[in-house]
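So the structure is just underneath, and the comments pick up after that.
Chain A is the first sequence line, chain B the second, and so forth, proteins listed ahead of strands; every chain is numbered from 1. Predicted model, so just to flag it, every value in this text is computed and none were measured.
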Amino acid sequence: MSGMWLFVMILLLGAMAAGVGFWWVRRREQKVAMLRERLVTVTQCARQTGDNIAHDLRTPLTRLRGDVEAALRQDDAAAHRATLERTLGEVEGMQSIINALLTLGQAEAGGIRVKKRPVDLTALLEEMLELYIPSAEERQLRLEGRIAPRMLIEADRQLLARIFSNLLDNALKYVPAGGLIMLTGAIKGGRAEITVEDSGPGVPQEMREKIFERFTRLDSSRTIASGAGLGLSLVKAFARLLQGDVTIGSSSLGGAAFSVTLPASAASVSTPFPR
Amino acid sequence: MKLLIMEDDVAAARSLKEGLEQAGHGVDLAHDGDQGYALARQGHHDLWIMDVMMPGRDGLSVLKALRDEGRRTPALIVSALGEVDERVEGLRAGGDDYVVKPYAFAELLARVEALLRRAHAFGGSPETSLELADLKIDLLSRSVIRAGQAIDLQPREFRLLEYLMRNAGQVVTRTMLLENVWEYFFDPQTNVVDVHISRLRQKIDKSFATPLLHTVRGEGYILRAER
């Protein structure tokens, strides 16, 4: 009898061990598959980014080389000086692409240490308005705010400012003279929602998913003057560093609406309707 | 003024030295941390310019060691790392200002001059007013008068003018203004600072014979009485 029990026990233990083993192997397989998928995405991303960087740096490099070679064929101090000045401009443009890419790489890899502190979001948004309104007026644009009072969040003030500054830079660049840009901030369902919307041309539906990717520009001219197409990628990366996100939609003003959501501090006053 | 540059890239150090000498400063060079530390300890310099990444001892640990010995010479940190936390780390190690590589020489020079000036301004009692030609600002009542005429400024315009007045006679860059007047450590793509400057200029210069606020092309702005 006991032999029989022993046999059954061994059989049961064996089956359990096999089950656990099988489960473990499957889990490993799933993990490996997940990792493989992630690796493929990262590689594709890296390859595409690499191609884009090469393109984005090759264009100014080509201009630069042509300019320098032409200057070397001449013997005119004034022309040399003009070439040097243009060279410096191209170098600055390339520098800003490289800086943005480095920051983006760091942000996406979690390499930027975020120092979260209580931030008065209301005050920060009002500062942003104060900083940008004169530039908007100079371009014959109206920049207005509807900002709820006493919004507090736990965040990094510099990262927040970079997010809103990038969105406002974008709006100022794309909204034609006579237009309106609206900065709205309110607490909704325990999250702070900040929207930059405008009366500009908006972003076509088919571009909306792509717009946060590196080197996506609405105008197809790949000149440095139009920006490198990294601003919105930075906005997304910074928002995620702050446990938030950014999305794009249509504004009732007729153009694009970029909404940033961020975790709000418990101390915030919930104000669904901005004043 | 006598400056000490700690920079391991020989070509970069040489062009920096030339530029600073042209601006009227004496310059000593060190190409690694140990040499820089030894030269700095001689105590002959009015300012240290130190690269963070150097062979041997890095810039921050050299600076920390010098500060621990009680040496108070102003230090400008130069780093290839531009993120905010790296800046904070640099300032915590005892740095007085921070520039990111690759920098414009004008940016570095403007910061060097501002640090040298600040170091020499120390020691007196805190100022309650600042004056330049017929322009006077009262730091307590936060009022501005030019040629006997009161000028109404917004709070930020006042801070902007105060910073320019404290650095009168010296070029200040847009980045310096963003950092010191707005406390933002990044450069927006829009020319926000230029527009604020032109509004301030409207208020303090427009109805007066001599302009005080001048643009220095490719560098920044300067507040000074003579053209």
[X] atom [atom1], neighbour heavy-atom count above 12 within 6.0 Å:
| X | atom1 | value |
| --- | --- | --- |
| A:Lys116 | NZ | yes |
| B:Lys64 | NZ | no |
| B:Asp152 | CG | no |

| query | Do you know which of A:Glu92, A:Glu130, A:Glu85, A:Glu138 has the most heavy-atom pairs under 4.5 Å to chain B? | reply |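 Option with the greatest count: A:Glu130.
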Worksheet item: Side chain, backbone, both or neither: which part of B:Gln154 has an atom under 4.5 Å from a heavy atom of chain A?
Response: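 Neither part.
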message: Apply salt bridge (charged side-chain N to carboxylate O under 4.0 Å, His left out) to residues A:Arg113 and B:Glu89 and explain how you reach the verdict.
response: CA-CA 12 Å; A:Arg113 272 169 288 159; B:Glu89 216 168 279; 3.3 Å; yes
| Which heavy-atom pair separates B:Pro188 from A:Tyr132 by the least distance, and what is that distance? |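 Shortest heavy-atom contact: CB-OH, 3.2 Å.
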Indicate the atoms forming the closest heavy-atom contact of A:Ser135 with B:Val192, along with that distance.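 For A:Ser135 and B:Val192, the tightest heavy-atom pair comes out as OG-CA, 3.3 Å.
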- Query: Is B:Arg199 paired with A:Glu137 through a side-chain N to carboxylate O contact shorter than 4.0 Å?
  - Reply: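 Yes, A:Glu137 and B:Arg199 are salt-bridged.
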Notebook entry, point to check: In Å, rounded to the nearest 0.5 Å, how long is the span from CG of A:Leu131 to CG of B:Leu178?
Noted result: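 Those atoms lie 7.0 Å apart.
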_Quick check for you: to the nearest 0.5 Å, what is the distance between A:Ile133 atom CD1 and B:His196 atom NE2?_
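The CD1 atom of A:Ile133 sits 9.0 Å away from the NE2 atom of B:His196.
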- Task: List the steps, then state whether side-chain contact (heavy atoms from CB on, under 4.5 Å) holds for B:Tyr184 with A:Arg157.
- Result: CA-CA 9 Å; B:Tyr184 292 136; A:Arg157 182 177 174 270; 3.4 Å; yes
- prompt: Do side-chain atoms of A:Gln158 reach the backbone of B:Phe185 as a donor and acceptor pair under 3.5 angstrom?
  reply: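 Here the side-chain-to-backbone pair exists.
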Donor + acceptor pair across side chains of B:Tyr103, A:Gln95 (<3.5 Å)
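No, because no side-chain N or O of B:Tyr103 sits under 3.5 Å from a partner of the opposite role on A:Gln95.
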